Amino acid sequence: MVDVDPERFEMMVSEALDGIPAELGELMTNVAVTVQHVSGPPGLLGLYQGVPLTRRSSFYAGVLPDRITIYRLAICALCVSESDVVEQVRRTVIHEVGHHFGIGDARLRELGW
C-alpha cells in the first residue's frame with residue numbers, strides 16, 4: 001500500500017481528466033467527478049452513476065449531474081509506488097469516463113481499461 005496525501009491524490013485525478021483528449025472532454029456533459037478518501041464498495045476503484053450519453057434522449061433534462069467517484073484508499077491499497085498510483089488513477093478515470101460514454105465493462109476490458 002502507498003500512502004498518498006489526499007490533496008496530491010486529487011491532483012492526480014485532475015491530471016488524468018486533463019489527459020482526456022479535448023474533443024472527448026468537450027462531449028462530457030452533466031457529470032461531476034469526485035474523490036472519496038475511503039475504500040468504497042469492495043472490489044471497486046471507481047464508480048459511475050448516471051445516464052450514459054448513449055441513453056440520453058430529448059427527454060433528458062432537469063436531472064442532477066452524473067457522478068464519477070474515485071476511491072483513494074482502494075487505489076492506494078493496490079499500488080507499491082506513487083507512480084503506480086498515478087497509472088492506476090489514470091486507468092480508473094478513463095474506465096469510468098468510458099461508462100459515461102456508454103461503454104460497458106466487457107468492452108472496456110477488451111480495450112485494456
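Fair warning: this is a prediction, and the values are worked out from it, not measured in the lab. Side-chain atoms are counted along with the backbone in the values below, which use heavy atoms only and exclude waters and symmetry mates.
Legend: residues meeting salt bridge (Lys or Arg N to Asp or Glu O under 4.0 Å) with Glu110, ordered by chain and number and at least two apart, are Arg107. Legend: residues meeting salt bridge (Lys or Arg N to Asp or Glu O under 4.0 Å) with Arg91, ordered by chain and number and at least two apart, are absent.
Of the candidates Val35, Val33, Thr34, Thr34 is the only one forming a side-chain contact (heavy atoms from CB on, under 4.5 Å) with Thr69. Paired with Cys79 under the rule side-chain contact (heavy atoms from CB on, under 4.5 Å), one option of Val86, Val4, Val85 passes, and it is Val85.
Shown here for Ser39 and Ala74, the closest heavy-atom pair between the two residues is O-CB, 3.3 Å. Contact record, His37 with Pro6: CE1-CB, 3.4 Å, taken as the closest heavy-atom pair.
With values rounded to the nearest 0.5 angstrom, Leu44 atom CG is found 10.5 Å from Ile70 atom CD1. Remark: Asp66 CG to Thr29 OG1 distance equals 8.0 Å, nearest 0.5 Å. To the nearest 0.5 angstrom, Leu47 atom CG is 8.5 Å from His99 atom NE2. To the nearest 0.5 Å, atoms CD (Glu10) and CD (Glu15) are separated by 12.0 Å. For the atom pair CD1 of Ile75 and CE of Met12, the computed distance is 9.5 Å after rounding to the nearest 0.5 Å. Taking OG of Ser81 as the start and CD of Glu87 as the end, the distance is 10.5 Å to the nearest 0.5 Å.
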> Going through the checks in order, is the side chain to side chain contact (heavy atoms under 4.5 Å, CB included) test met by Thr54 and Phe101?
Replying inline: CA-CA 6 Å; Thr54 55; Phe101 282 100; 5.9 Å; no

>> Applying side chain to side chain contact (heavy atoms under 4.5 Å, CB included) to Val97 and Tyr48, what does each step give before you reach the verdict?
In response: CA-CA 8 Å; Val97 167; Tyr48 170 76; over 6 Å; no

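Taking 4.5 Å as the limit, some side-chain heavy atom of Pro65 sits within range of a side-chain heavy atom of Asn30. Asp105 places a side-chain heavy atom less than 4.5 Å from the side chain of His95.
Note on Arg72 versus Asp5: no salt bridge recorded, every NZ/NE/NH1/NH2 to OD/OE distance being 4.0 Å or above.
A chain of hydrophobic side-chain contacts below 4.5 Å, direct or via other Ile, Leu, Val, Met, Phe, Trp or Tyr residues, connects Val2 to Leu45. Hydrophobic cluster membership is shared by Val13 and Ile68, with clusters built from Ile, Leu, Val, Met, Phe, Trp and Tyr side chains linked at under 4.5 angstrom. Hydrophobic clustering keeps Tyr71 apart from Val93 (ILVMFWY residues linked when any side-chain heavy atoms are closer than 4.5 Å, directly or through intermediates). Put simply, Val89 and Leu78 are part of the same group of oily side chains (I, L, V, M, F, W, Y) that touch within less than 4.5 Å, one to the next. Linking ILVMFWY residues whenever their side-chain heavy atoms come closer than 4.5 Å, directly or via other members, leaves Ile103 and Leu53 in distinct clusters.
No side-chain N or O of Glu96 forms a donor-acceptor pair with one of Thr92 less than 3.5 Å apart.
Residue-environment remark: CZ (Arg56) exceeds the threshold of 12 foreign heavy atoms within 6.0 Å.
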